[in-house]
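In the text below, chain A, chain B and the rest are named by the order of the sequence lines, each starting its count at 1. We use all heavy atoms of the structure for the numbers below, so side chains are in, but hydrogens, waters and symmetry mates are not.
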Number of protein chains: 4
Amino acid sequence: MARKIRIGMIGYGYWGPNLTRNFAELAQAELVAVADQDLNRLNSVRTRYPNITLTQDYTDLFKMDLDACVVATPPQTHYTIARDCLEHGLHTLVEKPLTLESKTSFELYKLAHERDLRLMVGHTFLYNSTVRALKDLIDEGEFGNIFYMDAVRVNLGLYQKHCDVMWDLAPHDISIFMYLMGEVPNTVSASGGSFLVPNKHDVAYLSLSFPSGKLAHIHASWINPNKERRITIVGNKKMAVYDDLQTVERIKIFDKGVDAPPYTDTFADFQFSYRYGDVISPYIDFIEPLRVEAQHFVDCIVNHWTPLSDGKNGLDVVRILEAADKSIALGGATVECSQYSLDEEVRVPAAI
Amino acid sequence: MARKIRIGMIGYGYWGPNLTRNFAELAQAELVAVADQDLNRLNSVRTRYPNITLTQDYTDLFKMDLDACVVATPPQTHYTIARDCLEHGLHTLVEKPLTLESKTSFELYKLAHERDLRLMVGHTFLYNSTVRALKDLIDEGEFGNIFYMDAVRVNLGLYQKHCDVMWDLAPHDISIFMYLMGEVPNTVSASGGSFLVPNKHDVAYLSLSFPSGKLAHIHASWINPNKERRITIVGNKKMAVYDDLQTVERIKIFDKGVDAPPYTDTFADFQFSYRYGDVISPYIDFIEPLRVEAQHFVDCIVNHWTPLSDGKNGLDVVRILEAADKSIALGGATVECSQYSLDEEVRVPAAI
Amino acid sequence: MARKIRIGMIGYGYWGPNLTRNFAELAQAELVAVADQDLNRLNSVRTRYPNITLTQDYTDLFKMDLDACVVATPPQTHYTIARDCLEHGLHTLVEKPLTLESKTSFELYKLAHERDLRLMVGHTFLYNSTVRALKDLIDEGEFGNIFYMDAVRVNLGLYQKHCDVMWDLAPHDISIFMYLMGEVPNTVSASGGSFLVPNKHDVAYLSLSFPSGKLAHIHASWINPNKERRITIVGNKKMAVYDDLQTVERIKIFDKGVDAPPYTDTFADFQFSYRYGDVISPYIDFIEPLRVEAQHFVDCIVNHWTPLSDGKNGLDVVRILEAADKSIALGGATVECSQYSLDEEVRVPAAI
Amino acid sequence: MARKIRIGMIGYGYWGPNLTRNFAELAQAELVAVADQDLNRLNSVRTRYPNITLTQDYTDLFKMDLDACVVATPPQTHYTIARDCLEHGLHTLVEKPLTLESKTSFELYKLAHERDLRLMVGHTFLYNSTVRALKDLIDEGEFGNIFYMDAVRVNLGLYQKHCDVMWDLAPHDISIFMYLMGEVPNTVSASGGSFLVPNKHDVAYLSLSFPSGKLAHIHASWINPNKERRITIVGNKKMAVYDDLQTVERIKIFDKGVDAPPYTDTFADFQFSYRYGDVISPYIDFIEPLRVEAQHFVDCIVNHWTPLSDGKNGLDVVRILEAADKSIALGGATVECSQYSLDEEVRVPAAI
């Protein structure tokens, strides 16, 4: 039997315990050590996993013959720690966002490429059974030609210390949109409001344009009376609503739409026909997304695959957020995302 | 007893029958005549109101010793017909939008001012019991300081022949926002998509900025799987959701919010406290908005009041839509609304 | 072209205007006269239908060469008036419940049979597109073997003057259950509460047993905070919820159930398997039920068909309500429905 | 500082781990030992609580100088094990239902009384913050005079091996109703269906009558397409719906009702007036019910209080279920609950 992938966890805050639990339960992985600056957190690791090595200094992990590290520290530390991991020859899974600047994200992406290491970003929704079911439906042509997608991700709190609501919540929807659309937006127009802390957006609206002409819009808020997590997909054949807060009927597919006449001019509207059909909520066998993500990271290491949410994907999300920041500063003007390219690149598609 | 206000109706299409019914039932008004180019429609008037004069030529109405006209024709005809009415000395109620250009809206507004005639625009939601209840709550300070408002007004269809989704649906939310906020936005940033007919938006997103720093956002769509009519109001003391499709509990007021510490810096976040309290749906004694609107028009004529939705209000909505069109053309860049002003103006506040 | 079916309407109260409108719009029928004791109501008929004969004395209708009468008077008058109509050789549609005693219902049923007249009861839900879609699904075997059905029909008000909540609301569910099940319950157990007026139930619970072993339960209430109109159908293959208050997705069909092992004993439970599948809301092209009902009455007259909700069906509903009354008086004990039978009967199945 | 209450846990199946966790975390208690026949389960205890004594034979617990035992074994074993605990002088908390016969429940109740031991039954909902908030509202007169309560507790599965749906689910609603009403029902009428396993009800309907004239009704089902957990409370002043599946707005209080005229006869109905007012969802600070329950058990031991859900309360629930079984066998006839009484009894009211 093959040697297990030896993994070290850096950061045991909000997401750390969930990542730790999932990696600890993977058959092909061995969780060797956990690093966190906070002693209380380390004690809490000890209670649950008495046999794991604990340290306050993550650089100790580089002496433990590890294969990979998982970085779940605050965003502003991602770049330094992930670079350190890659430079020590470790495959690296970094929580989203990859870094806080496209320049540093690109640097990590390039570094991983040069060292032939797996760099993966924790865009969890790409490993979510519901999102994957939607992706399958889209790829099977169920929706026909996609027109646009709309995301609402709002709630009351939790304010993040080191980033605004856009950097906190929008990465989820941006990664979902790119995955479902199968393309990367090239321009962004955004607006936002800072109501509780000066210069820190607690509400943001982003409009993304894709090369194919498709649109996507995101409403993110930390100050909204209800919690909502909803994505609407509008195609010319069918439409769907994905409500992530539902425990049942999480996706509803509407067999309805508007059929424009083949030849359209400004007087053609009256020939429009509206289709109304069944509404279907497909049954989805839901698996914990973090489990799928953890398994995928290990599979990519073992099989030398390119992760679905690889460094390039992480860079794309950061490029878009960076452009959105610039657009807000410009009062909503359309901003093109920065361009980066590797000299050469070979991507080995992954299976999940 | 005073002479009844003699009213003529121009246009008997989608809204016409509802306006006709409401004016016909007002004690202080007498519906004298209905004009429409379509004979079938006129026949349908005759069946219900056998004693009303009918004509295919609206200029016939100018010979009938009327006091006022109601213009419910397609938007592109509003300017010409309303001007004609005002020039014939008639008080005029025009369906929204007032006209399709701020220039012509201003002209009507000015004309009515010069002739001392009531010019009113059919921004129905200002006469909606639920919106008025929200206005009262806001004015009583129930929500504290308002941060922002968000409107979603989406459904499948109905495509309008002569305007896009923004000119069709957004006037409702713009007029509601101005009414609730008590101020007029000065800049707009907007984006939109034209998926079924080239150059005609079927989806639009508008971000409005108000002089006080408040924000408002509108999502309007003709191609959405579900019908939604929802406005969210976020204040520092309370928040509310107004769902116009509910038959009960149309408003929910959430006694919750985030209390920032008095002195805030980037490390202050952890001192944020979240308040969670009761949710209240106040009982609202709902009256048909069109009835209130019709009554208000007659009251303004009788009492020489300035209508709540007067020509200036109609002009404001058109100025904002015009700026939004320009913003979309510029890729979302912030656009200032055009400025117009009358040399002198005396507004007599109205009671409803 | 055939002579139109000449119809007289008796009673113009709550349901009368709706019935009148639907019969007035039928191509094969001619609404000749309306009788009501209340002059105000007759005036309101005149406004809308200036050419219809009006009378305060329903026996005037017997001199007008009519083919049929529609009886929409208060329940306690149904027996006398319907008998009068039948004795005058008129086909008769009576609002539900047919009468207030099984004995008199049987008498009407027998009378119609002897005179070869169509006697139909206004069990509107049998002409409701949603209920008919459920019936089709059941008949196609979509639900497998039906186990039981459960109905909740509750709201606040409206108290009826001449009957209790059970006689007011339960006829709907009883007729729906008999239609969907394809059989007539033989026993009833019921309980009820009289909270506002002594000896007049404002809350009632009925358990119906069918010869096949199927069960059905009805919860009817005039004093409930929310309005609910919901029927649940449980079969061994699929289950459904029909919520009559929804404007969309009125039926939801759940592809789920429990599969018991073929051989079951007290230890077999752990072998139960639960099936979870898609949820489907079939699109239903909804037609006003009263229109279908009115058309059906005329069709049955023209074609000599037995109405779907014929006198026997009306009698069955009354027999069940009568048994339920007896059961409540006995403290819930199971009561068998009274038996009646005609000497001979030929039923000509109807098409809708 | 006082000695901690030394507790032994018997049974580590479905509820056992939750009870164990809560007792383990109580400051005034010490969880000394866990007994279960299943070695795998004991191993799972060891992983989480390495310092607790484990045994497959619960009688070992009687040698450990314990103060109390918690019995969370299958219902059919409750009587024997609880009696054994009481006879060994231990305070005893038994999962619901107390036993499967009123006779044996009475015996335990009497035994605890004679030995002056705390006997408590795990009617968890009496320790549920939402139910307690409702109780407070009722006691404050918020609802006025209560008319009736209605409970729906349905879902698909989970079939219990040793009891039917009524003994599985109805104890919750019976205990809630007795707590909220402040009285014990004296008669029961019930019906049920056995669709998957012969003679084992998977659907049951219970009508409970209280001495004061109040009614309550329970619908329990293991074969229903949707999971529902809903209690409706109808009073003459206000009404409420408690939906236990909601994460927010779990209780809604409706300020509405019907006001009957003081003097009522059959013609008085038209004087009924319907009140419609605000809907309020009070904020509830929710604490895990099992934590409150565990704390209460320990408090009752320490303070010599009578538990809220004491042996008498457990006996009452069993008496009602027994009567319901009898009623189903009799076809729904009203059955009086068996009567038991202690020669003397002193109850010391508890505080929570």
Top contributor to chain A interface from [options] [non-hydrogen pairs under 4.5 Å]:
options                                : result
B/Asp150, B/Ile233, B/Asn145           : B/Asp150
B/Ile223, B/Leu215, B/Val154, B/Thr187 : B/Ile223
B/Asn236, B/Val203, B/Val279           : B/Val203
B/Leu330, B/Val335, B/Asn226           : B/Asn226

Report the option among A/Lys252, A/Lys238, A/Met239 that has the most heavy-atom pairs separated by less than 4.5 Å from atoms of chain B.
-> A/Met239
Option in A/Pro225, A/Ser189, A/Ser191 with maximal non-hydrogen atom pairs under 4.5 Å from chain B = A/Pro225
Pick one of side chain, backbone, both or neither for A/Ala240, based on which atoms fall under 4.5 Å of a heavy atom in chain B.
-> backbone
Side chain, backbone, both or neither: which part of A/Tyr205 has an atom under 4.5 Å from a heavy atom of chain B?
-> side chain
Got a salt bridge between [X] and [Y], using NZ or NE/NH1/NH2 to carboxylate O under 4.0 Å?
X        : Y        : answer
A/Asp244 : A/Arg230 : no
A/Arg229 : A/Asp243 : no
A/Asp36  : A/Arg41  : yes

Output, in order, the C-alpha distance, side-chain angles, deciding distance and verdict of side chain to side chain contact (heavy atoms under 4.5 Å, CB included) for B/Ile251 and B/Ile284.
-> CA-CA 9 Å; B/Ile251 304 179; B/Ile284 291 165; 3.5 Å; yes
Whether B/His219 and A/His217 hold their rings parallel, tilted or perpendicular, with breakpoints at 30° and 60° | parallel
Decide whether A/Tyr148 and B/Ser221 meet the rule of one side-chain donor and one side-chain acceptor closer than 3.5 Å.
-> yes
Can you say whether B/Phe147 sits under 4.5 Å from chain A via the side chain, the backbone, both, or neither, judging by heavy atoms?
-> both
In terms of heavy-atom proximity below 4.5 Å to chain A, should B/Asp202 be classed as side chain, backbone, both, or neither?
-> neither
A/Tyr12 versus A/Asn40: any side-chain heavy-atom pair under 4.5 Å?
-> no
